[in-house]
Amino acid sequence: MQISKEQIQLVNEKVEAGHGTQFNFLAQTLDAKGVDVNTVIKQLADFQVAIPSWALGAGGTRFGRFSYFGEPSNLEQKINDVGIIHSLTQTAGAISLHIPWDVPEDYNAIKELATANDLVFDAVNSNTFQDQKDAKESYKYGSLSNVNKAVREQAVQHNIDVVEIGKKLGSKSLTVWLADGSNFPGQNNFQTALQHTEESLKEIYKGLPEDWKMFIEYKPYEPNFYSTVIQDWGTSFMLANACGDKAYTLVDLGHHLPNTNIEQIVSTLMMKGKLGGFHFNDSKYGDDDSTVGSVKPYSLFLIFNELVYGMKNNPQNPYPAWMIDASHNIKDPLEDLIQSLEAIQEAYAKALLVDQKALKEAQLANDVVVCQELLQEAYRTDVRPLLREARLKSGGALHPITAYRSLQVRESLIEERGKYAVASGL
Ligand code: RM4
Ligand code: MN
Ligand code: MN
């Protein structure tokens, strides 16, 4: 199923008048404060976030999985799902593939389908955390860090194969997330594991095309219970530096221990020109549990404040690759992704409203109270009319969730694909 511009227009017409009043009021208020509203709207419209091919089905836990029905069971259908989200939000203009979950069969057909859905291919992700059916070696005791050279070589080769797949699709980056670590004290020699990982990453790096980037993701726990080889941003940063200029750290919001100051990590990495990729999600306890901004929206805003600062002041840092990395246990994945996109745009818009000049002055004067006032002034602004205006201008829906429901998207997908179609992935 595809959603046409006309369908969206019809749904928008019903609520357009109300939007106009709200938008004009906000635009006047911001204008009086010296905000260039048109520039903010353009920045919002330009901000595109990739959707991972593995987030379109219901997620689960080791205890169970509850389908939302009509899930996409092949890559074509996954691209269609992202196309639906993009047509409603105009914010999800890219898809990120996980290999081997989503290896294209017919590359030209897949590329054409993506173009028809107004999508490009973002980073390709390798998978050395699961054993594949005909694989010679097992990753049970690690992949790039394994004590066994043959296992490391297989894992390196897999990453190089993933790059080859990405090249055919027009991707320009490889994301490496390693599950490597140990389950019991004494199981691994930490130094050997890190040494092997560095050597393996350097081998992969050698196979990276000139105009590509390699993103190294970190995570403190899971699936191993005792130690993780790339446990934190410092380890990732160190490995990226060891590899070279095309290697970067990737920050996934769900990959931090409680109370970690993620905004400070973002700031440091951007200053050093090493923040390459970014995975959005929110969490209370663990990894990729919740909708972006659903638990800690103020933290998300503070993180965006640093991202906005870095994008303006750190030309040494490339424009980061944005992706949602979330799992949807009980919600319709498409609705959840739409909510996440809204939260991302909201935090971004609020960060764009921070009066950076006044903030700097207050910081130099050590006026702590004014510093906080300035951040909270921006945070407390209801920016949703700006988001709606940006969507309206780009041909998206004023209210994507309402439109999704009134167009009966899930019902059509169930009809098309059958109730029990299941998506590949985790
Ligand atoms: C990991 C990590 C990676 C993702 C896998 C599926 O926790 O966030 O980015 O590829 O999950
Ligand atoms: Mn991630
Ligand atoms: Mn994760």
Side-chain angles (χ1 to χ4, degrees), residues 49-62 65 78 94-103 121-132 139 142-144 155 158-159 162-163 165-166 171 173-181 201 204 213-225 228-233 235-236 239-240 248-258 260 262 265-266 269 275-292 295 300 303 320-329 333 336-337 340 344 423-426:
V49 184
I51 304 292
S53 61
W54 61 101
L56 301 157
T61 68
R62 64 200 166 97
R65 182 178 184 278
K78 291 178 183 182
I95 180 165
S96 187
L97 302 191
H98 224 308
I99 308 297
W101 291 337
D102 289 300
V103 184
F121 289 92
D122 199 68
V124 274
N125 300 259
S126 57
N127 177 343
T128 60
F129 47 89
Q130 288 173 322
D131 283 344
Q132 303 308 324
Y139 298 134
S143 60
L144 297 184
H158 165 69
N159 276 277
V162 171
V163 171
I165 291 172
S171 289
S173 47
L174 166 74
T175 297
V176 182
W177 171 66
L178 279 195
D180 291 27
L201 285 170
I204 299 168
K213 297 188 187 93
M214 178 165 84
F215 302 143
I216 304 171
E217 200 168 346
Y218 59 90
K219 180 169 171 172
Y221 55 88
E222 198 198 39
N224 285 289
F225 300 128
T228 306
V229 179
I230 311 182
Q231 59 163 332
D232 56 13
W233 74 272
T235 312
S236 159
L239 291 168
Y248 296 86
T249 294
L250 184 148
V251 172
D252 180 316
L253 293 180
H255 294 188
H256 301 88
L257 296 173
T260 301
I262 305 175
I265 296 174
V266 165
L269 286 171
L275 179 68
F278 209 91
H279 287 178
F280 293 103
N281 48 59
D282 208 342
S283 59
K284 181 84 176 155
Y285 300 112
D287 177 26
D288 17 61
D289 303 333
S290 310
T291 320
V292 181
V295 184
L300 183 66
I303 291 163
W322 314 110
M323 191 190 91
I324 293 177
D325 195 2
S327 163
H328 328 277
N329 282 346
D336 192 52
L337 287 161
S340 280
I344 292 168
S424 59
L426 284 180

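As the structure lists them, so they are numbered: ligands from 1, and atoms in each ligand from 1.
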Before signing off on this row, confirm whether [X] and ligand 1 have an N or O atom pair separated by under 3.5 Å.
X: N125; value: no
X: W54; value: no
X: W177; value: no

Will you find, in the side chains of [X] and [Y], an N or O donor that is under 3.5 Å from an N or O acceptor?
X: Y218; Y: H256; result: yes
X: S96; Y: N125; result: yes
X: D336; Y: H328; result: yes

Where the side chain of [X] meets the backbone of [Y], is there a donor-acceptor pair that is under 3.5 Å apart?
X: R65; Y: A58; answer: yes
X: N127; Y: W101; answer: no
X: S236; Y: I216; answer: yes

- Item | For Q231, all residues meeting side chain to side chain contact (heavy atoms under 4.5 Å, CB included), sequence neighbours excluded |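 Applying side chain to side chain contact (heavy atoms under 4.5 Å, CB included) to Q231 gives T228, T235.
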List ligand 1 atoms under 4.0 Å from [X], heavy atoms only on the residue side.
X: D325; answer: 2 (C), 3 (C), 4 (C), 8 (O), 9 (O)
X: H279; answer: 9 (O)
X: K219; answer: 7 (O)
X: D252; answer: 8 (O)

- NZ/NE/NH1/NH2 to OD/OE distance under 4.0 Å, D102 and K78: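 A salt bridge links D102 with K78.
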- Query: Do any protein N, O or S atoms sit under 2.8 Å from the Mn ion (ligand 2), and which ones are they?
  - Reply: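 Listed by chain and number: E217 OE2, D252 OD2, H279 ND1, D325 OD2.
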- Is it true that H255 lies under 4.0 Å from ligand 1, counting heavy atoms only?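 It does, in that a heavy atom of H255 comes within the 4.0 Å cut-off of ligand 1.
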- Message: What's the separation between atom CG in D252 and atom CZ in F215, rounded to the nearest 0.5 Å?
- Response: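 With rounding to 0.5 Å, CG (D252) is 13.5 Å from CZ (F215).
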- Working to the nearest 0.5 Å, report the span between CG of N224 and CG of D180.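 Rounded to the nearest 0.5 Å, the CG-CG separation comes out at 7.5 Å.
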- Query: Applying a 4.0 Å heavy-atom criterion (strictly less than), which segment of E217 is in contact with ligand 1: side chain, backbone, both, or neither?
  - Reply: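 The answer is the side chain.
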